Protein chains: 2
Amino acid sequence: MSAQFEKNDKIKFSEDEVLRQIEQAILDHRLAPGTKLKEVQLADLFGVKRGMIRKVLTRLAHSRLVDQMPNRGATVARPSVKEGQDLFATRRVIESAVLQNLVTHIDHRGIAHLRKMLRREQKAYQRGDSATALTLSVDFHRELAALAGNSVLEEYLHDIIRRTPLVILTHLGDDEQNRCRNQEHEAIIDALEKHDLKTATRVMQQHLLHIESKIQHKPEKPQADLATLLRRQPEAVQA
Amino acid sequence: MSAQFEKNDKIKFSEDEVLRQIEQAILDHRLAPGTKLKEVQLADLFGVKRGMIRKVLTRLAHSRLVDQMPNRGATVARPSVKEGQDLFATRRVIESAVLQNLVTHIDHRGIAHLRKMLRREQKAYQRGDSATALTLSVDFHRELAALAGNSVLEEYLHDIIRRTPLVILTHLGDDEQNRCRNQEHEAIIDALEKHDLKTATRVMQQHLLHIESKIQHKPEKPQADLATLLRRQPEAVQA
DNA sequence: TGATAAAATATTGTTAACAATTTTATTATC
DNA sequence: GATAATAAAATTGTTAACAATATTTTATCA
């Protein structure tokens with residue numbers, strides 16, 4: 001009468017919190033592409049009702065992080081190589097447009113803000129905290145889009161950024177190749193400050209092509225059980 | 001014991017069909033921005049269960065055609081002027097990228113296909129069937145994206161095209177100004193055939209700016225009841 | 001009359017039980 | 001032992017009843 005109750009012996013999570021945790025588990029590579037996501041199992045795991053898991057899975061399916069098949073449930077999505085290429089190509093288009101907006105709209109305050117973000121990112125690298133560095137690196141791109149002031153472009157870039165890690169994982173593996181080189185971030189800020197669109201765009205294209213060029217097929221990894229994989233490793237938590 | 005049962009005296013619709021009908025009612029301007037969408041009313045109207053309406057409303061909210069507020073239900077979305085501008089600006093970015101892809105990838109078969117679509121569009125205009133002409137005009141843009149072969153770009157353009165009529169309705173009204181001029185469609189095909197990216201892009205930009213320039217604020221219209229508005233007018237059906 | 005509070009109604013949100021379907025296990029047959 | 005049919009279990013899908021919240025109506029008082 002004890003063991004079977006342990007699973008519910010925890011705080012109840014909100015829908016957004018459950019979404020965030022599952023999404024993070026996917027993006028942290030703890031849930032491999034193709035992994036079955038069973039509703040009751042997840043519901044018990046988080047101590048919530050099945051209906052909520054259902055809604056969460058639908059939301060995740062919408063952002064293409066999971067696949068849903070009628071009557072056959074949800075699995076972690078396995079994006080094709082082609083989808084990955086299209087995603088990267090579109091990202092180059094979006095980020096170019098962002099820069100084009102920025103080069104006319106940005107002011108000293110914006111530049112200063114970007115430099116502050118860059119410094120935090122560099123410090124994280126220097127102290128070897130690559131998890132934080134990666135987060136901050138992504139935030140840099142997001143912040144560029146936010147400063148550009150076009151909500152639709154921003155929305156699309158968020159969508160792409162959300163989907164990208166899964167593509168990389170699926171076809172490149174967990175090889176730590178997928179992070180930004182922050183010298184390029186610095187070069188982009190410098191160019192923006194001088195209102196030099198051409199240089200900013202060129203550096204950005206290099207920057208993105210650098211990752212894109214590495215996508216290629218890779219065999220699947222063995223898989224542990226769902227509960228273990230959802231449990232986040234302490235050392236991976238960002239500072 | 002008769003009148004109150006009439007409402008259910010019809011075929012049961014599938015979820016996709018219900019979604020399609022409500023979306024069409026919004027895009028046809030039969031449901032004005034801000035209109036409350038009550039779950040039981042819609043469920044009775046379509047002869048389906050409330051849970052299905054619930055799912056449909058969530059899907060519509062996701063594509064920003066309806067707003068959902070916790071505990072306060074769903075309404076037809078009222079996009080801001082800013083959102084409309086951002087949508088159009090992004091559309092120009094996406095369509096430019098589509099042309100850039102097309103100008104290198106397109107072959108004679110593709111060109112022939114586009115010309116066939118253009119002829120159908122022109123014929124619809126000539127016989128005064130503006131509803132069909134509008135549909136075909138939109139299809140032309142969609143087809144460009146499909147031929148470009150980037151699924152993400154295509155997806156985003158679909159999203160923008162889906163959201164655009166509501167923006168135009170909200171801020172411009174039902175003034176019939178919002179259709180493409182198909183001479184420009186022809187010019188785009190001509191330029192693509194000659195692999196002339198510069199001309200194709202220039203015409204496309206004009207084409208899109210033509211509509212974009214007309215967005216401005218406009219007072220609200222009076223509103224009939226939901227059941228009437230959902231019932232589609234026969235003459236509006238496409239040929 | 002106009003404002004405020006309370007009650008009644010309407011609407012959205014959640015849940016547990018059930019139904020339908022798929023998946024796994026078992027049995028039967030060759 | 002392999003294969004196919006059958007039964008059992010697991011899983012997803014749906015629904016009706018209930019709970020929570022918001023809105024409208026009515027009642028009360030200044």
Side-chain angles (χ1 to χ4, degrees), chain A residues 3-5 7-19 22 25-26 31-32 34-62 65-78 223 225-227 229-230, chain B residues 3-5 7-19 22 25-26 31-32 34-62 65-78 223 225-227 229-230:
Chain A
Q4 67 187 107
F5 280 21
K7 57 186 177 186
N8 278 355
D9 212 20
K10 58 181 73 168
I11 50 162
K12 300 288 183 295
F13 294 101
S14 74
E15 182 176 321
D16 284 346
E17 183 62 17
V18 171
L19 176 78
I22 297 178
I26 294 173
L31 291 175
T35 305
K36 189 87 200 296
L37 300 170
K38 297 182 187 177
E39 298 177 357
V40 286
Q41 192 177 1
L42 288 168
D44 289 350
L45 224 44
F46 287 101
V48 299
K49 298 290 177 247
R50 191 159 67 94
M52 185 167 139
I53 297 296
R54 211 150 227 284
K55 279 196 275 183
V56 167
L57 290 176
T58 300
R59 286 171 66 184
L60 286 168
H62 181 268
L65 259 37
V66 320
D67 288 334
Q68 269 181 321
M69 296 266 288
N71 289 320
R72 323 183 93 246
T75 58
V76 177
R78 302 191 305 106
Q223 177 76 108
D225 79 295
L226 197 65
L229 293 165
L230 269 171
Chain B
Q4 70 190 104
F5 280 21
K7 57 188 177 184
N8 277 356
D9 210 22
K10 58 181 74 168
I11 49 163
K12 301 289 182 296
F13 294 101
S14 74
E15 183 176 320
D16 284 347
E17 182 62 15
V18 171
L19 176 77
I22 297 179
I26 294 173
L31 291 175
T35 304
K36 188 86 201 293
L37 300 170
K38 297 182 186 177
E39 298 177 357
V40 285
Q41 192 177 2
L42 288 169
D44 289 351
L45 224 45
F46 287 101
V48 300
K49 298 290 177 245
R50 192 159 66 97
M52 184 167 140
I53 297 295
R54 212 150 226 285
K55 278 197 275 182
V56 166
L57 290 175
T58 301
R59 285 170 67 183
L60 286 168
H62 182 269
L65 259 35
V66 319
D67 288 334
Q68 270 182 322
M69 296 267 288
N71 289 320
R72 325 186 89 243
T75 58
V76 177
R78 301 191 305 104
Q223 177 77 111
D225 78 296
L226 196 67
L229 293 166
L230 268 171

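Convention: sequence-line order gives letters A, B, ...; per-chain numbering from 1. All values derive from a computational prediction rather than experimental measurement.
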Legend entry - Closest non-hydrogen atom pair, B:V56 against B:I22: CG1-CD1, 4.2 Å
Legend entry - Interatomic spacing from CZ in A:R72 to CG in A:D67 - rounded to 0.5 Å: 12.5 Å
Legend entry - Spacing between B:E39 atom CD and D:dT15 atom P, to the nearest angstrom: 15 Å
Inset, instruction - Calculate the interatomic distance between A:D67 atom CG and D:dT12 atom P; express it in whole Å. - result: 15 Å
Inset, instruction - Ignoring hydrogens and angles, answer whether the base of D:dG13 and the side-chain atoms of A:R72 contain a donor-acceptor pair closer than 3.5 Å. - result: no
Legend entry - Distance in angstrom units between A:L57 CG and D:dT12 C1', rounded: 11 Å
Legend entry - Among C:dA16, D:dT12, D:dA16, the nucleotide that comes nearest once only the side chain of A:K49 is considered: C:dA16
Inset, instruction - Specify the closest pair of heavy atoms between A:A74 and A:V66, including all atoms of both residues, with the distance to one decimal. - result: CB-CG2, 4.4 Å
Legend entry - For atom CE of A:M52 and atom P of C:dT14, their distance in whole Å: 9 Å
Inset, instruction - Specify the separation, in whole Å, of atom CE of B:M69 and atom P of C:dG13. - result: 11 Å
Inset, instruction - Give the minimum heavy-atom separation between A:Q68 and A:A61, together with the two atoms involved. - result: OE1-CB, 3.4 Å
Inset, instruction - Whole angstrom is fine here: how far is it from CG in A:L37 over to C1' in D:dT11? - result: 13 Å
Inset, instruction - Starting from C1' on C:dT11, measure out to CD on B:Q68 and report it in whole angstrom. - result: 14 Å
Inset, instruction - Would you mind reading off the distance between A:R54 atom CZ and D:dT11 atom P, rounded to a whole angstrom? - result: 14 Å
Inset, instruction - Describe the nucleic acid contact of A:G73 in one word from base, sugar-phosphate, nothing, applying a heavy-atom distance below 4.0 Å. - result: sugar-phosphate
Inset, instruction - Indicate yes or no: does B:R59 engage B:D16 in a salt bridge with an N to O separation below 4.0 Å. - result: yes
Inset, instruction - Consider the side chain of A:K36, meaning its heavy atoms from C-beta on, and name the nucleotide among D:dT14, D:dT11, C:dT14 that approaches it most closely. - result: D:dT11
Inset, instruction - Select from A:R50 and A:N71 the residue whose nearest nucleotide in DNA chain C is closer to the 5' end of that strand. - result: A:R50
Inset, instruction - Would you indicate which nucleotide in C:dT12, D:dT12, C:dT11 comes nearest to any side-chain atom of A:V40? - result: D:dT12
